[in-house]
Amino acid sequence: TATAFNTDADGLGRSMRAEWPHCAIPPRSAVLIGAGGAAAAAACLLARQGVACSLITRTPDNAERLSSLITALFPQSPVMDVQPWEALADRLNASDLIINTITVDAAIAWPLASGDGRCVDLRYGAMASGFLAAAQRVHRPTLDGLGMLIHQGALAFEHWFGIAPDTDMARARLL
């Protein structure tokens with residue numbers, strides 16, 4: 001028998017705890033934007049933590065598939081609420097955590113208002129994020145995907161070799 005594991009969800013969780021140690025994690029409510037592979041990892045993290053989550057995408061069929069998968073994997077978790085793209089403005093400003101996983105967002109007018117809701121974009125490095133720029137303009141706490149990359153890589157390294165890498169050193173080298 002083969003065994004497989006994925007460290008993306010735990011990498012995201014560790015990244016958020018490292019960046020925001022003073023914040024309530026898990027949050028009470030979240031919005032997840034997108035329904036691809038990175039969104040699946042974020043959805044697993046949120047479902048494991050029992051976070052009520054709204055899933056918003058421009059492709060409703062993909063959202064329904066991801067919601068059904070998460071409901072099947074985590075039956076004790078709150079149901080992942082699939083919302084149409086038009087609900088974005090209402091949901092963004094009513095949630096404690098917003099996670100953007102879509103890769104092309106330059107043409108989106110992000111309707112963010114000032115608030116305490118934390119904003120995460122899973123892209124990192126030179127990939128400009130209109131979402132994080134909009135969040136920073138209204139002084140929201142922001143986090144890009146570099147921490148997720150570092151922490152999921154460190155977890156994988158630890159699984160393979162039994163050694164926990166220094167994530168602070170990894171961040172410094174990548175920056």
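Ile150 has its side chain out of reach of Arg14: every pair of non-hydrogen atoms, C-beta onward, lies at least 4.5 Å apart. When side chains are defined from C-beta on, Ile33 counts as touching Leu92, because their heavy atoms get closer than 4.5 Å. In this structure the side chain of Met148 reaches within 4.5 angstrom of the side chain of Asp8, judged on heavy atoms. Phe74 places a side-chain heavy atom less than 4.5 Å from the side chain of Cys44. The side-chain heavy atoms of Ile98 and Val120, taken from C-beta on, include no pair separated by under 4.5 Å. When side chains are defined from C-beta on, Thr101 does not count as touching Arg123, because their heavy atoms never get closer than 4.5 Å. When side chains are defined from C-beta on, Asp10 counts as touching Arg48, because their heavy atoms get closer than 4.5 Å. Two residues are said to be in side-chain contact when any heavy atoms from C-beta on lie closer than 4.5 Å; Leu32 and Thr57 fail this criterion.
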(message) Does Gln83 form a side chain to side chain contact (heavy atoms under 4.5 Å, CB included) with Leu88? I'd like the steps, not just the answer.
(response) CA-CA 8 Å; Gln83 293 291 316; Leu88 186 65; over 6 Å; no
(message) Using side chain to side chain contact (heavy atoms under 4.5 Å, CB included), reason through Trp85 and Thr59 one step at a time and then give a plain yes or no.
(response) CA-CA 9 Å; Trp85 186 256; Thr59 52; over 6 Å; no
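In this structure, Ser29 and Ala94 approach most closely via the heavy-atom pair OG-O, 3.8 Å. The heavy-atom pair separating Cys119 from Ala135 by the smallest distance is SG-CB, 3.7 Å. The nearest pair of heavy atoms linking Pro111 to Ala109 is CD-O, 3.0 Å. The two residues Pro141 and Gly117 make their nearest non-hydrogen contact at CD-O, 3.8 Å. The heavy-atom pair separating Leu155 from Gly11 by the smallest distance is CD1-N, 3.8 Å. Here the shortest heavy-atom pairing between Ile102 and Gly34 reads CG2-CA, 3.7 Å.
Asp81 meets the salt bridge (Lys or Arg N to Asp or Glu O under 4.0 Å) test with Arg91; sequence neighbours excluded. Residues satisfying the side-chain hydrogen bond (donor to acceptor under 3.5 Å, both in side chains) test with Asn100, not counting sequence neighbours, are Asp121. Asn93 is linked by a side-chain contact (heavy atoms from CB on, under 4.5 Å) to Leu112, Ala113, Arg140, counting only residues two or more places apart in sequence or in another chain.
Listed by first then second residue, pairs satisfying side chain to side chain donor-acceptor pair (under 3.5 Å) with a partner in residues 144-161 read Thr7-Gln152, not counting sequence neighbours. A side chain to side chain donor-acceptor pair (under 3.5 Å) check over residues 63-78, counting only residues at least two apart or in different chains, returns the pairs Asn62-Arg65. For residues 90-112, the pairs satisfying ring pair (Phe, Tyr, Trp, His ring centres under 6.0 Å) are Trp110-Phe131, with sequence neighbours left out.
Taken together through direct or relayed side-chain contacts under 4.5 Å among Ile, Leu, Val, Met, Phe, Trp and Tyr, Met80 and Leu45 form part of one hydrophobic cluster. With hydrophobic clusters built from ILVMFWY side chains whose heavy atoms lie under 4.5 angstrom apart, Ile56 does not share a cluster with Ile99. Under the 4.5 Å side-chain heavy-atom criterion for Ile, Leu, Val, Met, Phe, Trp and Tyr, Leu12 and Leu73 are members of the same hydrophobic cluster. Leu143 and Val138 fall into different hydrophobic clusters, where Ile, Leu, Val, Met, Phe, Trp and Tyr are joined by side-chain heavy atoms under 4.5 Å apart, directly or via other members. Hydrophobic cluster membership differs between Ile70 and Val79, with clusters built from Ile, Leu, Val, Met, Phe, Trp and Tyr side chains linked at under 4.5 angstrom.
Around the CG atom of Asp116, the shell of radius 6.0 Å holds no more than 12 heavy atoms that belong to other residues, nucleotides or ligands.
Note that the SG atom of Cys53 and the CG atom of Leu97 stand 8.5 Å from one another [nearest 0.5 Å]. Distance check: Leu66 CG to Asp61 CG gives 13.0 Å after rounding to the nearest 0.5 Å. One finds the OG atom of Ser15 at 7.5 Å from the CH2 atom of Trp20 (value rounded to the nearest 0.5 Å). If you take CZ on Phe157 and CD1 on Ile163, they are separated by 5.5 Å, rounding to the nearest 0.5 Å.
In this structure, Asp96 contributes its side chain and Arg28 its backbone to a donor-acceptor pair below 3.5 Å.
For the residue pair Gln136 and Thr142, a side-chain donor N or O sits within less than 3.5 Å of a side-chain acceptor on the partner.
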